[in-house]
Colleague: 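Following this message is one structure expressed as structure tokens.
Labels below follow one simple rule: chain letters A, B, ... track the order of the sequence lines, proteins then strands, and each chain is numbered from 1. Since we're looking at a predicted model, the values are computed, not measured. Values below: all heavy atoms of this structure, side chains included; hydrogens, waters and symmetry mates excluded.
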Amino acid sequence: MAVEKISQEKLKLLWLQSGGCGGCTLSLFGADAPDLFSALELTRIEVLSHPSMSEIGGRSLNGLLTRLREGQIPLDILCIEGALLRGPKGSGRFHLQAGTGIPMMTVIADLARAAHYVLAVGSCAAYGGVTAAGDNVTEACGLSFEGRDSGGLLGPSFRSGSGLPVINISGCPVHPGWVTEMMMQLSLGQLDASDLDQFGRPRFFADHLVHHGCTRNEFYEYKASAAAPGQLGCMMENLGCIGTQVHGDCNIRLWNGEGSCVRGGYPCIGCTEPTFGERDHPYLETPKRGGIPVGLPTDMPKAWFVALASLAKAATPERLKRNAQSEIIAVTPGEAQGKK
Amino acid sequence: MSRLVVGPFNRVEGDLEIKLDVRDGAVTAAYVNSPLYRGFEQILIGKAPSDALIYTPRICGICSVSQLLAAAKALAKA
């Protein structure tokens, strides 16, 4: 699909928050190589307003929003953080814009129609996320999805001025690099529909699995599993880790320069997925049927997985068996057997 | 008497709106309103206790560690 290129002038970005925790902004502030402000400079993006970065507020902010909505100032990039709250009873009154009394969902929908690109920053804005969990009393949804179903606040056929659907930079929170990389792609006018997956996620991170680059891979290969939090083994069999199914480059890109959830001893809970926020079993436990974990890697026949796992378990070296259920390395690897 | 409605505010987590009653140049009453309701208090009902470790840090992106520690301490005590 051909996407109209935008001019060489500075791209104007507006960032608004609704039903969320602000954690995606906090994560973005942790950007490094480049840091956020360098990234903005490099991409020639001018932030018109961001709740945590800008001085503008009150009447001046509302005046700016009106001019953007009416097209007096071009709105190149609209970033929304937090879910859209449609309740109670579709009125949107669970989040009124301060100072105006207008439902935030209305403010956001009007601006989305005026924007060239619309970015949902974080799983709440993309799919509803944790804000839509439980009984979802606030009727929370994402901009163009509600969980896995397209629709959300703007409807399934929504396209922004660029002709693209909402760009869903999911994650709870987002990786700062996912946002700055998207800014670069947008500033170069190089994003088209084939760069997004079926849930609107940028493929530069969604074409990977969290499993890729997991440092516990040797334990996974031999099904040498941790039995309790804090232990070194693979967390898939007992501790609820679903990194083999979850889309994200967390263990390739790494967080804060060097870490990831699993490297920190925490199972992957699937925060980039459209279903994040609700699960039919406790997050930190692996549900099993007949002793076999439910929810194996999605693109492998179950019987093969079970056969392979049994074989691997039978072949597990003592070192991995013991280390898997230890909090520190109990048995060190033997001497390498190369040429003398 | 006149009434001033102030908002949106920046650099606060969550939304805030302030109404001020002003008489002869002096504020006679101030009302603080939070025009955002997320229903977070109800999300954990019916969930496994350990799920608190997933949900509570997401109450607030600024104080997520404090929320998580409080949940962990509560779970350890239970």
Side-chain angles (χ1 to χ4, degrees), chain A residues 16-27 49-59 61-62 81-83 85 87-88 93-101 104 122 124 129-140 172-173 240 266 269 271 276-279 281-285, chain B residues 2-22 27 30-76 78:
Chain A
L16 294 174
Q17 296 171 329
S18 190
C21 73
C24 288
T25 282
L26 269 287
S27 181
S49 173
H50 180 294
S52 305
M53 282 196 265
S54 309
E55 264 186 57
I56 185 173
R59 283 178 199 164
L61 175 59
N62 289 330
E81 178 181 0
L85 308 183
R93 294 186 62 81
F94 277 144
H95 187 192
L96 297 177
Q97 190 190 35
T100 67
M104 202 59 190
C124 289
V130 156
T131 309
D135 292 335
N136 192 9
V137 291
T138 55
E139 298 163 44
C172 192
Y266 192 80
I269 55 173
C271 76
F276 182 63
E278 265 312 305
R279 190 163 300 167
H281 64 84
Y283 280 89
L284 305 179
E285 292 168 26
Chain B
S2 64
R3 171 167 281 191
L4 279 179
V5 183
V6 194
F9 280 88
N10 289 336
R11 298 192 204 86
V12 286
E13 187 42 54
D15 276 34
L16 191 64
E17 180 181 84
I18 293 181
K19 289 184 180 138
L20 301 172
D21 286 345
V22 184
V27 173
Y31 306 89
V32 179
N33 178 26
S34 170
L36 167 62
Y37 173 71
R38 280 199 296 155
F40 230 92
E41 303 79 358
Q42 296 162 62
I43 288 175
L44 274 177
I45 296 171
K47 297 225 175 333
S50 63
D51 280 1
L53 300 174
I54 278 78
Y55 291 104
T56 57
R58 291 170 167 88
I59 291 172
C60 169
I62 293 174
C63 58
S64 50
V65 174
S66 314
Q67 307 285 353
L68 180 58
L69 270 178
K73 282 181 182 171
L75 285 170

Colleague: Got A/C21 and B/R38 here, is their nearest side-chain heavy-atom distance under 4.5 Å?
Modeller: yes
Colleague: Under a 4.5 Å heavy-atom cut-off, does chain B meet the side chain of A/M53, its backbone, both or neither?
Modeller: backbone
Colleague: At a heavy-atom separation under 4.5 Å, does A/L96 approach chain B through its side chain, its backbone, both, or neither?
Modeller: both
Colleague: Quick check for you: among A/G240, A/G99, A/G57, A/C124, which has the greatest number of heavy-atom pairs under 4.5 Å with chain B?
Modeller: A/G99
Colleague: Can you tell if the side chain of A/T100 reaches within under 4.5 Å of the side chain of B/P8, non-hydrogen atoms only?
Modeller: no
Colleague: Once rounded to the nearest 0.5 Å, what's the spacing between atom NZ of B/K47 and atom CD of A/E278?
Modeller: 3.5 Å
Colleague: Measure B/S50 against the heavy atoms of chain A and call it side chain, backbone, both or neither at under 4.5 Å.
Modeller: both
Colleague: So, using side-chain contact (heavy atoms from CB on, under 4.5 Å) as the criterion, who are the partners of A/S27 when residues are at least two apart?
Modeller: A/P173, A/P176, A/W255
Colleague: Output the distance between atom CG (B/D15) and atom CD (A/Q17), rounded to the nearest 0.5 Å.
Modeller: 8.0 Å
Colleague: Are side-chain heavy atoms of A/D135 and B/Q42 found at a separation under 4.5 Å?
Modeller: no
Colleague: With only heavy atoms counted, which part of B/L53 is less than 4.5 Å from chain A, the side chain, the backbone, both or neither?
Modeller: both
Colleague: Which atoms of A/N136 are under 4.5 Å from chain B, going by heavy atoms: the side chain, the backbone, both sets, or neither?
Modeller: neither
Colleague: Identify which part of A/T25 has an atom lying under 4.5 Å from any heavy atom of chain B, answering side chain, backbone, both or neither.
Modeller: neither
Colleague: Which heavy atom of B/Y37 sits nearest to which heavy atom of A/T138, and what is that distance?
Modeller: O-CG2, 3.3 Å
Colleague: In terms of heavy-atom proximity below 4.5 Å to chain B, should A/V137 be classed as side chain, backbone, both, or neither?
Modeller: side chain
Colleague: Going by side-chain contact (heavy atoms from CB on, under 4.5 Å), name the residues that satisfy it together with B/I43, two or more places apart in sequence or in a different chain.
Modeller: A/A133, B/F40, B/Y55
Colleague: Among the options B/D51, B/N33, B/V6, B/V5, pick out the one with the most heavy-atom pairs lying under 4.5 Å from chain A.
Modeller: B/D51
Colleague: Roughly how far, to the nearest 0.5 Å, is the CE atom of A/M104 from the CG atom of B/L36?
Modeller: 9.5 Å
Colleague: Heavy-atom distance under 4.5 Å to chain B: side chain of A/C172, backbone, both or neither?
Modeller: both
